[in-house]
Undergrad: 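Here it is, the structure in full.
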There are 2 protein chains.
Amino acid sequence: MTGERTPRQDDGERRFLDAYDPGAYAPAAVTVDVAALTIRAGVPHVLLMRRTARPQLGWWALPGGFVRAQDGPDGPADPDLPDAALRVLSQKTPLPTELHLEQLGTYGALDRDPRMRVISVAYVLLAPDLPDPDTDADRAAWIPWSVLGHGIGDSRDRGGHGGGDDDRGGRAEIELAFDHARIVADAVERARSKLEYTALATAFLPPEFTITALREVYEAVWGRPLHGANFHRKILATPGFVEDTGRLADRGGSGGGRRARLYRPGGAAFLHPPLLRGAQSAPA
Amino acid sequence: MTGERTPRQDDGERRFLDAYDPGAYAPAAVTVDVAALTIRAGVPHVLLMRRTARPQLGWWALPGGFVRAQDGPDGPADPDLPDAALRVLSQKTPLPTELHLEQLGTYGALDRDPRMRVISVAYVLLAPDLPDPDTDADRAAWIPWSVLGHGIGDSRDRGGHGGGDDDRGGRAEIELAFDHARIVADAVERARSKLEYTALATAFLPPEFTITALREVYEAVWGRPLHGANFHRKILATPGFVEDTGRLADRGGSGGGRRARLYRPGGAAFLHPPLLRGAQSAPA
DNA sequence: CCAAAAGTGTTCAATGTACACCCATGA
DNA sequence: TCATGGGTGTACATTGAACACTTTTGG
């Protein structure tokens, strides 16, 4: 508000900048990688692509690409890093109109890419159930977290009291290129913890949804059943989490049952109090 | 555990890498900036340096520098980004033996540096009270958060219920170079929220400390007095936060008073349950 | 003895959890 | 009218905030 991004320039400053040579530094390549997360039929998925170039040709990897530092033949410079993330992602799959994008972290170990020094800024995208990518399924696909191994599909929380044994029998089957397994693991942990204290669960849902659908998001991401009745009350007791539309969902499920109210996201970003995943078991 | 970082290379892969030209991409410069936070006499400070080069010569800025992507005349390549952060910081000020360093985020807006496209990976360092930097005080200094303005020194929490009016009269006096004011604000918010659910407060303290010293860390970072008696009990009730040394502090303060027990950090990283800054007022 | 700081006991309110129950709808 | 899922009432345990009080030390 007070000119934070527009430092004043005196004359010496201007002369310096005119003479500056941007090519003088030995640089690293900068990329963005996006861990796009969604939930399909109650199962959490991440968008992966098969590499079509060396190195690690044919391996599964996160969608990503180089940041456009300056205007060039490929197109204009990316104004900021989130723009780069959305650009590389939209080149590979259709994007939803509503989405949540946040920076996850930057990965820059010397040996993480065999070609050269690559610094990769990773983003997490949370989106409602999306159609399959345009490209044929062999090149890009939504993959369940549970087949990625390395602890990604596990639902252990940091306290370690949970003793649930409800994981599917599927062992790790897919190994990812570069350090992308770690990035996905970090993205999943980010999503799990953000559901505790923010209203982000609605980012996985269409614009209008039922409380049960919201609960199923929590259950899918945390990998654990929640107590429906108490969840319902807790959501409605959290100011600004959801807002009643006054309408009802079309059907109450496959069989019978009362029709559920439809809600839309409320204005709140943070939840007071948070919903904690250290508690609440399923009813018998 | 299963060779995550050591992808196997077939013959084609090896031929490709031999022929690869790392200079082919139009690159950005990558830097690290460190927001080093500490508490001196109950007041939280951040380490700042006066810029000695164009652009923005003479402005206060975070210590930082370019990542060494490859081995070169200046020295060997940085093995990973945290190494780069510690390197650039140790070049400018002595480092403590015990410290906590974590990545804050990456800032890459097109116009954040007038010279060229600079992608900056920011780190937060939490450290016990450190001596003044070696360089003369005009070049590097510990600056209180409260004089940085732009909301950095404010103790508003995200809920916004707090109405404390205990801020010092000092208005914003220092304006930072580039987008460093935003980075410091993000660092301060990171520290404030991490104290809620991790045991990181001990990173601001020497290896052995009293519960009162720990409470003063919280009070300094959150900018709000806490209820001493309840705080004491809550800390001891949180498993793994602190560990009793069995010894007592030298003096119970300047005047009289019982001597306090000395504790050291416990093994726990996360707090169950968290300490929340939405509550607890001071006694009359 | 008095003041000051550390640490404990206890009460009361707020919250979280479990379980019973009623409501609305389809077959 | 029965099964199914949505939604509410309520009792009980757990937690947290406030305040009174005891313990230990220096002057």
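Numbers restart at 1 for each chain; the letters A, B, ... are given by sequence-line order, proteins then strands.
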Undergrad: Using a heavy-atom cut-off of 4.0 Å across all strands, would you classify B:T212 as base, sugar-phosphate, or nothing?
TA: sugar-phosphate
Undergrad: Restricting both atoms to N or O, compile the protein contacts to nucleotides 8-13 of chain C shorter than 3.5 Å, with distance only.
TA:
unit_1: C:dG9; atom_1: N7; unit_2: B:R233; atom_2: NH1; d: 2.9
unit_1: C:dG9; atom_1: O6; unit_2: B:R233; atom_2: NH1; d: 3.1
unit_1: C:dG9; atom_1: O6; unit_2: B:R233; atom_2: NH2; d: 2.9
unit_1: C:dT10; atom_1: O4; unit_2: B:R233; atom_2: NH1; d: 3.4

Undergrad: Quickly work out the B:L276 CG to C:dA14 P distance and round it to whole Å.
TA: 17 Å
Undergrad: Using the salt bridge (Lys or Arg N to Asp or Glu O under 4.0 Å) rule, take A:E189 and A:R277 through it: C-alpha gap first, then chi angles, then the decisive distance, then the call.
TA: CA-CA 12 Å; A:E189 178 51 34; A:R277 50 170 163 164; 3.1 Å; yes
Undergrad: Using C1' atoms of five pairs at each end, report the bend of the helix from C:dC1-D:dG27 to C:dA27-D:dT1 rounded to 10 degrees.
TA: 10°
Undergrad: Nearest whole Å is fine: how far is D:dA18 P from B:F231 CZ?
TA: 15 Å
Undergrad: State whether a side-chain donor-acceptor pair under 3.5 Å links A:Y107 with A:D33.
TA: no
Undergrad: Where do B:W145 and B:V221 come nearest, in terms of heavy atoms and distance?
TA: CZ3-O, 4.0 Å
Undergrad: Whole angstroms only, please: what is the CG-P distance between B:L271 and D:dT15?
TA: 15 Å
Undergrad: Distance-only, no hydrogens or angles: does the A:T202 side chain make a donor-acceptor pair with backbone N or O of A:A199 under 3.5 Å?
TA: yes
Undergrad: Are side-chain heavy atoms of B:P265 and B:F209 found at a separation under 4.5 Å?
TA: yes
Undergrad: To the nearest Å, how far apart are A:H227 NE2 and C:dC21 C1'?
TA: 12 Å
Undergrad: Nearest of C:dC19, D:dG16, C:dT17 to any side-chain atom of A:K234?
TA: C:dT17
Undergrad: How long is the line joining CG of A:D244 and P of D:dG6, in whole Å?
TA: 15 Å
Undergrad: In whole angstrom, give the distance that lies between atom CD of A:E219 and atom P of D:dG5.
TA: 13 Å
Undergrad: Which whole-number value in Å describes the distance from A:D250 CG to C:dT25 P?
TA: 13 Å
Undergrad: Would you find more than 12 non-hydrogen atoms of other residues, nucleotides or ligands less than 6.0 Å from A:E243 atom CD?
TA: yes
Undergrad: Distance from B:R261 atom CZ to B:T210 atom OG1, nearest 0.5 Å?
TA: 12.5 Å
Undergrad: So does A:D186 pair up with A:R190, basic N to acidic O under 4.0 Å?
TA: no
